[in-house]
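Next up is a structure, given as structure tokens.
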There are 2 protein chains.
Amino acid sequence: MVTQRNTWQRERVRDALAGARGFVSAQSLHAALRDDNTGIGLATVYRALAGLAASGEADSLQSPEGEALYRACSMTGHHHHLICRSCGLTIEIEATAVEQWARETAARHGFRDAEHVVDIFGLCESCAAKQS
Amino acid sequence: MVTQRNTWQRERVRDALAGARGFVSAQSLHAALRDDNTGIGLATVYRALAGLAASGEADSLQSPEGEALYRACSMTGHHHHLICRSCGLTIEIEATAVEQWARETAARHGFRDAEHVVDIFGLCESCAAKQS
DNA sequence: TTAGGTGCAAAACCTTTGCACACAG
DNA sequence: CTGTGTGCAAAGGTTTTGCACCTAA
């Protein structure tokens, strides 16, 4: 395993990520840390996030707007997300049945080394209430 | 419904999209049309693709590299994709079981207006053979 | 005619990279 | 010390936008 030093910047990124309720962009994460008087650089945030994603501590996905979104990963192994499209609240879900369906579908069409993306977007209870 | 004029540029984009075996980026689509002596502009390709996606004639998704990928949509209604990560071959699949699972999962957590993303990436048979 | 489309180039955007300096180990 | 990490700024990439001209209806 590659070396991974323990700098206060990485701590802050890790903390900010853990404190976020849902997926956050590198940009907004940097903006938030900026506002906390930390002189942290944008590049550092990107590098820290890439490191966290590589080591499995964070999850990443592409937003429809073209940004990369990150979130602290609590569940070990493979899992999926239920995401509120309004407030960003994210719930990690297991999908054993879907896993199997994906494997079978890939196999039926002769595909190998199949990976899959399964995410559900919706309005969480509180956001749905607000919008009523 | 908004007006949608019938220009040769849009025809070419539509044709190129229909002729592609899988998802293609706006950039490569433009490059391909460029090579066919058409003086089509990059902005026009983007605008045409946005229009096709808006009218449901095309599907779009974000590649992990941050590009927007498009594909002609043959199946009506909601569907998912099985995509070769090497050659881009795309197979449209139905996933009734997954649809239901997604609805149930969303409902169980109090989410409303749930949509979902379900795509499988892998190596298709011929690409797997080539790589052996 | 005329509202909308097109091309070009510039701008906006997110992300990566080069480099000198700082710092954890 | 020494090899990494950092900050800054510049560069790289994709996508959008402004504007004058063009064109389908």
Side-chain angles (χ1 to χ4, degrees), chain A residues 1-17 20 22-71 83 88, chain B residues 1-17 20 22-55 57-71 83 85 88:
Chain A
M1 159 135 181
V2 237
T3 55
Q4 194 78 327
R5 286 190 187 170
N6 216 14
T7 64
W8 65 265
Q9 286 96 333
R10 295 231 220 260
E11 299 276 337
R12 299 291 300 222
V13 170
R14 204 198 310 269
D15 288 354
L17 203 59
F23 280 87
V24 280
S25 68
Q27 297 286 345
S28 59
L29 211 53
H30 172 243
L33 290 173
R34 251 303 152 93
D35 292 347
D36 285 346
N37 331 336
T38 72
I40 195 169
L42 175 58
T44 301
V45 174
Y46 274 99
R47 288 188 275 237
L49 287 173
L52 291 174
S55 69
E57 292 186 70
D59 237 15
S60 73
L61 67 82
Q62 290 280 331
S63 83
E65 290 77 31
E67 280 182 305
L69 302 182
Y70 295 86
R71 183 176 199 279
I83 306 160
Chain B
M1 156 133 183
V2 239
T3 57
Q4 195 76 330
R5 285 189 188 171
N6 217 12
T7 64
W8 64 266
Q9 288 97 331
R10 294 220 216 253
E11 297 276 337
R12 299 292 302 227
V13 170
R14 204 198 311 269
D15 288 354
L17 203 58
F23 279 89
V24 281
S25 68
Q27 296 286 345
S28 58
L29 211 53
H30 173 243
L33 291 173
R34 251 304 153 93
D35 292 347
D36 286 345
N37 331 336
T38 71
I40 194 170
L42 175 59
T44 300
V45 174
Y46 274 99
R47 288 188 275 236
L49 287 172
L52 290 174
S55 69
E57 292 187 69
D59 236 15
S60 74
L61 67 81
Q62 290 281 330
S63 83
E65 290 77 32
E67 278 181 306
L69 302 182
Y70 295 86
R71 182 173 200 279
I83 305 160
R85 72 164 67 91

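In what follows, every chain begins at residue 1, and chains take the letters A, B, ... in the order their sequences are listed.
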Show the atom names and distances, to 0.1 Å, of all donor-acceptor pairs under 3.5 Å that link a side chain in residues 37-51 of chain A to residues at least two apart or in another chain.
| from | atom 1 | to | atom 2 | distance (Å) |
| --- | --- | --- | --- | --- |
| T38(A) | OG1 | L33(A) | O | 2.6 |
| Y46(A) | OH | Q27(A) | NE2 | 2.9 |

Q: Check every strand shown and say whether A48(A) touches a base, only sugar-phosphate, or nothing at a heavy-atom separation below 4.0 Å.
A: nothing
Q. With sequence neighbours excluded, what pairs up with N6(B) under the side chain to side chain contact (heavy atoms under 4.5 Å, CB included) test?
A. E11(B), R14(B)
Q) Atom CD of Q62(A) to atom P of dC14(C): distance rounded to whole Å? A) 13 Å
Q. For every nucleotide of nucleotides 19-25 of chain C, 5' to 3': is a protein heavy atom under 4.0 Å from its base (B), only from its sugar-phosphate (S), or from neither (-)?
A. ----BBS
Q) Could you give the distance from CZ (R12(A)) to CG (L29(A)), rounded to the nearest 0.5 Å? A) 10.5 Å
(Q) Output the rounded distance in Å from CD (E67(B)) to P (dG12(D)). (A) 17 Å
Q: Quantify the bending of the helix from dT1(C)-dA25(D) to dG25(C)-dC1(D) as the angle between its end axes, each fitted on five pairs, to 10°.
A: 40°
Q: To the nearest 0.5 Å, tell me how far S63(B) OG sits from F23(B) CZ.
A: 11.0 Å
**Q.** Distance, rounded to the nearest Å, where E65(A) contributes CD and dC14(C) contributes C1'
**A.** 13 Å
Q. Does the side chain of Q9(A) get closer than 4.0 angstrom to OP1 or OP2 of dG7(D) through an N or O atom?
A. yes
**Q.** Between dT6(C) (C1') and Y46(B) (OH): distance, integer Å
**A.** 16 Å
Q | Members of residues 31-45 of chain A that approach DNA chain C, where some heavy atom sits under 4.0 Å away | A | L42(A), A43(A)
Q: Look up atom CD in E57(A) and atom CZ in R71(A), then write down how far apart they are to the nearest 0.5 Å.
A: 14.0 Å
Q: For Q62(B) and A68(B), work out which heavy atoms get closest and say how close.
A: NE2-CB, 4.0 Å
Q) Given atom CG of L49(A) and atom P of dG5(D), what is their separation to the nearest angstrom? A) 15 Å
Q) Rounded to whole angstrom units, what separation is found between the CG atom of L52(A) and the P atom of dG5(D)? A) 12 Å
Q: List in chain and number order the residues that pass side-chain hydrogen bond (donor to acceptor under 3.5 Å, both in side chains) with S28(A), two or more places apart in sequence or in another chain; answer none if no residue qualifies.
A: S25(A)
Q: Answer yes or no: is there a side-chain heavy-atom contact under 4.5 Å between I83(B) and L69(B)?
A: no
Q: Would you mind reporting whether L52(B) and Y70(B) have side-chain heavy atoms less than 4.5 Å apart?
A: no
